[in-house]
Structures are given as structure tokens and as C-alpha cells.
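Ligands are counted one by one from 1 in listed order, and the atoms in each one are counted from 1 as well. Side-chain atoms are counted along with the backbone in the values below, which use heavy atoms only and exclude waters and symmetry mates. These numbers were taken from a predicted model, which means no experiment stands behind them.
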Amino acid sequence: MMRVGVVGAAGRMGRAVVRAVSEDDGARLAVATERPGAADLGADVGTLAGLGPNGVMVGDDPAAFAACDVVLDFTAPATSVALAAALAELGTAHVIGTTGFSAEQDVAIAGSAQKIAIVKSGNMSLGLNLLAALVRRATRALPDADIEVLEMHHRRKVDAPSGTALMLGEAAAAGRDIALRENAVFVREGQTGPREAGTIGFATLRGGTVIGEHEVILALDSERVRLGHIAEDRTVFARGAIKAGHWVIGRPPGLYKMTDVLGLED
Ligand SMILES: NC(=O)C1=CN([C@@H]2O[C@H](COP(=O)(O)OP(=O)(O)OC[C@H]3O[C@@H](n4cnc5c(N)ncnc54)[C@H](OP(=O)(O)O)[C@@H]3O)[C@@H](O)[C@H]2O)C=CC1
Ligand SMILES: O=C(O)C1=N[C@H](C(=O)O)C[C@H](O)C1
């Protein structure tokens with residue numbers, strides 16, 4: 001029985017993870033936390049998730065994760081970096097779904113992954129990870145196509161472009177054997193001039209309650225290939241994180257991706 005910790009348990013994804021854990025016969029919710037001073041401290045996490053009471057109260061001390069085999073984390077970059085360091089001391093595995101990390105924060109997490117097994121992915125869904133593999137094949141097969149990545153999310157999302165859009169951009173760049181950071185165009189405004197060949201463009205839309213929509217457009221002369229994914233419910237991310245939890249327990253220290261968990265070609 002996998003003992004699961006959930007950090008950010010009162011958040012949109014935290015609640016979805018609590019619900020998904022309750023549906024998994026091989027997992028048990030052991031610890032749930034929120035930020036010190038958070039309004040939901042002391043609340044029953046099952047009630048928060050709309051399930052009815054489950055006896056696990058929201059705490060604020062990451063040391064409580066010593067009672068867990070794995071912690072599932074959809075929070076904020078600084079929180080995930082600090083938690084990875086704390087879990088490295090406890091020897092507890094970490095699944096990170098948080099997005100919006102700086103390069104320095106990524107390095108810090110890689111440092112913690114020298115002590116514990118960490119799965120980190122900007123998107124935990126099976127369909128999206130399959131899409132990334134398809135994008136890599138498509139950009140390799142169509143070397144002359146202009147690549148544009150389009151994403152839309154709900155009005156409360158705080159980072160852009162989405163972690164998933166960056167994953168898809170990385171996949172597109174890998175298909176071309178180029179580095180994304182040196183070829184990405186994240187903003188266009190004013191007199192931009194014509195499109196520079198070989199670049200990978202991004203467009204970000206925000207509004208309403210959209211869970212997550214992504215499309216990679218490969219534009220050629222007189223035709224376009226459109227590869228996309230729509231997440232209809234946060235359950236797909238939560239179930240992916242639980243799958244990653246089952247997979248990562250007992251693995252040697254290292255930084256793993258969802259493609260490792262799912263056995264997909266990277
Ligand atoms: N990889 C994937 O498949 C997916 C990734 N995400 C990513 O997950 C992250 C969270 O998304 P979402 O659930 O919508 O955001 P929310 O803001 O709804 O939830 C985040 C929760 O984490 C809490 N939190 C922040 N810091 C701490 C801390 N130090 N200790 C405990 N709790 C803390 C927040 O509290 P407070 O409000 O007080 O800050 C909040 O309750 C984002 O980065 C998002 O992009 C989302 C969906 C899927
Ligand atoms: O913030 C969200 O909601 C989501 N974030 C992830 C991202 O940044 O790609 C994954 C998903 O699309 C939902």
C-alpha cells in the first residue's frame with residue numbers, strides 16, 4: 001500500500017489528487033499540507049475534496065512527510081524546490097507537477113535528485129506525453145515546416161507559457177536537433193519583421209475555466225499539420241501523478257520524466 005503525501009492539498013490539483021488517491025486501491029492518503037497560515041489548516045482534506053471526511057487533517061509541517069513513501073506536489077516553484085531539499089533529507093520520493101521553474105530552480109531540483117528519486121513533468125497525462133513523442137517525429141519528418149505552439153488555460157494560471165507548451169517546444173526542437181532556448185520566440189508585438197526560419201513560436205491564451213488545451217502547428221506552403229491535446233478534467237493529471245508515485249518508489253536517486261514512467265519513447 002503506497003502511503004501518499006499531498007502538498008498544496010487545498011489547491012485545484014491538490015483536491016483532484018486527494019480524490020484520485022481515494023479511487024486507487026493500492027494507495028492511501030497519509031499526510032496533507034498547506035502553507036503556514038493558510039485558511040484551510042486543520043480542515044479535513046476529504047471534506048475539502050468533496051468526498052466527505054477521511055480523517056486526514058491539513059497540516060503545515062513538511063517533516064510530517066517522513067510518514068509517506070512519496071509526496072505528490074502541484075504547488076509553486078519555490079515550494080517545490082524547498083520541498084525537494086527537505087524530502088532528500090527524509091529519503092522520501094517526490095513527484096513534481098509544478099510548472100514555471102527558473103533555470104536556477106531546475107538546477108536545485110537536480111541537486112536533490114542526487115539523493116532521492118524525483119519524477120518531474122510539466123504534464124502528467126498519458127495523452128499529452130504521447131503527443132510530445134508524435135511532435136518530435138513530425139518536426140523531424142517536416143524539416144521545412146514553421147513550428148508554432150499554442151496553449152490556452154483558465155484565468156487563474158500564473159505562469160506562461162505553460163509547462164506543457166515548453167515540453168512540446170522541447171520535443172519540437174529535439175526533432176530538429178536544435179536547442180529550444182536559442183530558437184524560441186515567446187512574444188511578438190509591433191513591427192516584428194517576417195518570421196525567422198527555424199524559430200519555434202509560442203502563443204498564450206488565458207480565460208475562463210479551461211483545464212488545458214495545447215496545439216502544435218507545423219505550417220508549410222499551402223498546408224498545415226495540427227497536433228493537439230485537450231484535457232477535459234484535472235483527473236488525468238492526478239491519475240498520472242499517482243502512476244508516477246507507484247513507479248518511483250524504490251527507484252535509485254535520479255531525475256525522471258513521465259516518459260520514463262509511461263515507457264514512451266523520449
Ligand atoms: N504537471 C501537470 O500535469 C500539471 C501541473 N499543474 C501545475 O501545478 C501547479 C499548481 O496548480 P493549481 O493546483 O492549479 O494551483 P493552486 O494555486 O490551485 O494550488 C496550489 C496550492 O499549493 C499551495 N501551496 C503553495 N505553497 C505551499 C507550501 N509551501 N506548502 C503547502 N502548500 C503550498 C497553494 O497555497 P496558496 O494559495 O496559499 O499559495 C495552493 O493551495 C501549477 O504550477 C500548475 O501549472 C497543474 C495541473 C497539471
Ligand atoms: O496550471 C494548470 O492548470 C496547468 N498547468 C500545467 C502546465 O503549465 O502545462 C499542465 C496543465 O496544462 C494544467
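When only modelled atom types and interatomic distance are considered, N123 and S125 share a side-chain donor-acceptor pair under 3.5 Å. A donor-acceptor contact closer than 3.5 angstrom links the side chains of T99 and D159. Inspection of the T259 and N129 side chains reveals no N or O donor paired with an N or O acceptor under 3.5 Å.
The closest heavy-atom contact to atom 6 (N) of ligand 1, among the options G97, S80, A231, comes from G97. Nearest-heavy-atom check against atom 1 (O) of ligand 2 across H229, K157, H214 picks out K157. Evaluated by nearest non-hydrogen atom to atom 35 (O) of ligand 1, the leading choice among H153, E34, M167 is E34. Looking at H153, E213, R12, it is H153 that brings a heavy atom closest to atom 13 (C) of ligand 2.
With a 4.0 Å cut-off on non-hydrogen atoms, R234 does not touch ligand 1 at all. Neither the backbone nor the side chain of P62 comes within 4.0 Å of ligand 1, counting heavy atoms alone. Under 4.0 angstrom from ligand 1, the non-hydrogen atoms of T79 all belong to its side chain.
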Query - salt bridge (charged side-chain N to carboxylate O under 4.0 Å, His left out) between E151 and K157, worked out - result: CA-CA 12 Å; E151 58 112 333; K157 185 161 178 61; over 6 Å; no
Query raised in the report: Step by step, would you call D106 with K120 a salt bridge (charged side-chain N to carboxylate O under 4.0 Å, His left out)?
Result: CA-CA 10 Å; D106 278 334; K120 178 171 176 286; 3.0 Å; yes
Requested in this report: Assess whether side chain to side chain donor-acceptor pair (under 3.5 Å) is satisfied between T33 and D60, documenting all intermediate values.
Outcome: CA-CA 5 Å; T33 68; D60 64 0; over 6 Å; no
Query - Test side chain to side chain contact (heavy atoms under 4.5 Å, CB included) applied to F74 and M124, step by step - result: CA-CA 11 Å; F74 295 84; M124 299 281 174; 4.0 Å; yes
Requested in this report: Tell me, with the steps shown, if R188 and E148 meet salt bridge (charged side-chain N to carboxylate O under 4.0 Å, His left out).
Outcome: CA-CA 12 Å; R188 293 190 183 103; E148 295 285 316; 2.8 Å; yes
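Remark: ligand 2 atoms within the under-4.0 Å shell around heavy atoms of G163 are 7 (C), 8 (O), 9 (O). Below 4.0 Å from some heavy atom of G122 lie the following atoms of ligand 1, by number and element: 1 (N), 2 (C), 3 (O). Those atoms of ligand 1 with a heavy atom of K157 less than 4.0 angstrom away are 45 (O). Per-residue contacts place F237 under 4.0 angstrom from the following atoms of ligand 1 (heavy atoms of the residue considered): 3 (O), 47 (C), 48 (C). Under a 4.0 Å criterion applied to the non-hydrogen atoms of H154, ligand 2 contributes the atoms 1 (O), 2 (C), 3 (O). Taking every heavy atom of F74 and a limit of under 4.0 angstrom, the matching atoms of ligand 1 come to 1 (N), 2 (C), 3 (O), 4 (C), 5 (C), 6 (N), 8 (O), 9 (C), 10 (C), 20 (C), 48 (C). Near M13, meaning under 4.0 Å from any of its heavy atoms, are these atoms of ligand 1: 13 (O), 46 (C), 47 (C). The distance from ligand 2 to the heavy atoms of S162 drops below 4.0 Å at these ligand atoms: 7 (C), 8 (O), 9 (O).
In terms of modelled atom types and a separation under 3.5 Å, the side chain of E213 and the main chain of I230 share no donor-acceptor contact. Between the side chain of T139 and the backbone N or O of R136 there is at least one donor-acceptor pair closer than 3.5 Å.
Using a 4.5 Å cut-off between side-chain heavy atoms of Ile, Leu, Val, Met, Phe, Trp and Tyr, with links allowed through other members, L227 and L180 fall into the same hydrophobic cluster. In the hydrophobic clustering of this structure, L166 does not group with L255; members are Ile, Leu, Val, Met, Phe, Trp, Tyr whose side-chain heavy atoms approach within less than 4.5 Å, directly or through other members.
Heavy atoms from other residues, nucleotides or ligands lying under 6.0 Å from CZ of R195 number more than 12. For D221, the CG atom counts as loosely surrounded, since its 6.0 Å shell holds 12 or fewer non-hydrogen atoms of other residues, nucleotides or ligands. The local environment of CD in E23 is crowded, with over 12 non-hydrogen atoms from other residues, nucleotides or ligands closer than 6.0 Å.
Residue contacts with ligand 2: L128 is excluded, as none of its non-hydrogen atoms falls under 4.0 Å.
Here the heavy atom of the protein found nearest to atom 9 (O) of ligand 2 is T164 OG1, 2.5 Å. Protein heavy atom in closest approach to atom 6 (C) of ligand 2: G122 O, 3.6 Å. Nearest protein heavy-atom contact of atom 19 (O) of ligand 1 is G11 CA, 3.4 Å. Protein heavy atom closest to atom 9 (C) of ligand 1, with residue, atom name and distance, is T75 O, 3.3 Å. Distance from atom 16 (P) of ligand 1 to its nearest protein heavy atom, with residue and atom name: R12 NH2, 3.7 Å. Here the protein heavy atom with the shortest distance to atom 25 (C) of ligand 1 is R35 NH2, 3.3 Å. Among all non-hydrogen protein atoms, the one lying nearest atom 3 (O) of ligand 1 is M124 N, 2.9 Å. Atom 45 (O) of ligand 1 has its closest protein heavy atom at T99 OG1, 2.6 Å.
The N/O atoms of S121, backbone and side chain alike, include one that comes under 3.5 Å of an N/O atom in ligand 1.
Protein heavy atoms are absent from the 4.0 Å sphere centred on atom 37 (O) of ligand 1.
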